[in-house]
Amino acid sequence: LAKTTQPISMDSYEGQEVNITCSHNNIATNDYITWYQQFPSQGPRFIIQGYKTKVTNEVASLFIPADRKSSTLSLPRVSLSDTAVYYCLVGGGSGNTGKLIFGQGTTLQVKP
Amino acid sequence: DVKVTQSSRYLVKRTGEKVFLECVQDMDHENMFWYRQDPGLGLRLIYFSYDVKMKEKGDIPEGYSVSREKKERFSLILESASTNQTSMYLCASSSPGQVGEPQHFGDGTRLSIL
């Protein structure tokens, strides 16, 4: 079964760019890579999704190398309000729900 | 904006009780999910439903069942609650298409089994 691994925690300062990498060596051909943000006492919230290469939206970028065995969420110029837990999710492309695999989550602490 | 509502934020039950967790979404989504979230383990999929009365097992279905009688409502049932089912339970929904479509989550039910 696919395993999704990400760092447990990261620290940053306001205004810096933050990159969080997720490892997914056993990703299947049709799997998506999706990132979610979660604040305390709330459910996860969708940030960005990609399949290959680079995806950018108004809040983040997602970099996926050609072999797709890892992915990097990039948050430009973080602020204190970006302090949260970030989850990487791999799967969902094949229709097999058993392959929706979340990482353990990365707690990002942004300092002033 | 999509709203996924879980009926209780906090719930305390006793070992052996039958427990019902309810989830309602207001966007006419076909897909609905139940997860449990535990420290250090992230989110783990319990069950998934892709239509009324349709369901599929996730990674950890043992000890749980689900019911989807109406499109907007997805219930998680703990047949005989045990202490190892103390956890945060999260419901989510997504639009039709691939299971990997972005999911919209409720704010969770923190369940304690005594």
Side-chain angles (χ1 to χ4, degrees), chain A residues 1-9 20 22-24 27-52 55 57 59-60 62 68 71 84-107, chain B residues 1-6 8-10 21 23 25 27 29-51 54-62 66 74 88-110:
Chain A
L1 195 64
K3 185 171 173 64
T4 304
T5 305
Q6 49 184 126
I8 297 299
S9 64
I20 306 174
C22 182
S23 173
H24 30 80
I27 188 169
T29 303
N30 295 331
D31 284 345
Y32 292 100
I33 299 161
T34 312
W35 284 83
Y36 291 86
Q37 176 192 55
Q38 186 178 27
F39 297 111
S41 301
Q42 295 184 21
R45 184 178 67 177
F46 170 80
I47 302 174
I48 197 167
Q49 182 180 72
Y51 180 73
K52 60 181 178 181
V55 179
N57 62 22
V59 298
L62 178 59
R68 305 202 327 124
S71 59
V85 180
Y86 292 82
Y87 287 98
C88 171
L89 169 64
V90 174
S94 65
N96 180 353
T97 59
K99 293 200 62 168
L100 282 174
I101 306 297
F102 275 91
Q104 312 97 308
T106 298
T107 299
Chain B
D1 204 16
V2 177
K3 189 161 179 66
V4 178
T5 303
Q6 296 184 229
S8 304
R9 291 302 302 271
Y10 301 94
L21 302 183
C23 175
Q25 51 92 6
M27 280 301 293
H29 283 168
E30 270 74 9
N31 300 327
M32 296 190 74
F33 307 81
W34 274 108
Y35 295 89
R36 64 177 284 176
Q37 183 176 33
D38 299 290
L41 297 177
L43 283 77
R44 291 179 292 167
L45 181 65
I46 304 171
Y47 266 100
F48 158 66
S49 171
Y50 53 92
D51 204 346
M54 307 305 290
K55 63 184 179 183
E56 284 189 19
K57 293 180 180 180
D59 295 327
I60 52 166
E62 297 78 19
V66 290
F74 192 33
M88 171 69 81
Y89 289 88
L90 289 162
C91 175
S93 72
S94 70
S95 54
Q98 298 283 12
V99 172
E101 290 290 323
Q103 297 177 37
H104 302 265
F105 284 84
D107 286 336
T109 295
R110 187 164 292 283

Of all of B:R9, B:M88, B:R44, B:Q6, which one pairs up most often with chain A through heavy atoms under 4.5 Å apart?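 Counting heavy-atom pairs under 4.5 Å, the top option is B:R9.
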Part of A:T34 lying under 4.5 Å from any heavy atom of chain B: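 Contact with chain B involves the side chain of A:T34 alone.
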For A:I33, is it the side chain, the backbone, both, or neither that has a heavy atom closer than 4.5 Å to a heavy atom of chain B?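 For A:I33, there is no contact with chain B at all, as no heavy atom is under 4.5 Å.
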To the nearest 0.5 angstrom, please state how far the CD atom of A:Q38 sits from the CG atom of B:D107.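 Reported to 0.5 Å precision, the distance equals 9.0 Å.
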Search all heavy atoms of B:P102 against all heavy atoms of A:Q49 and return the closest pair with its distance.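 Nearest pair, atom of B:P102 first, then A:Q49: CD-OE1, 3.8 Å.
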Residue B:L90 versus chain A: region with a heavy atom under 4.5 Å: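 The side chain, not the backbone.
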Using side-chain heavy atoms (C-beta onward) and a distance below 4.5 Å, is A:L100 in contact with B:Y35?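 A side-chain contact under 4.5 Å exists here.
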Would you say A:P44 and B:Q103 make side-chain contact, with heavy atoms under 4.5 Å?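 No, every pair of side-chain atoms sits at 4.5 Å or beyond.
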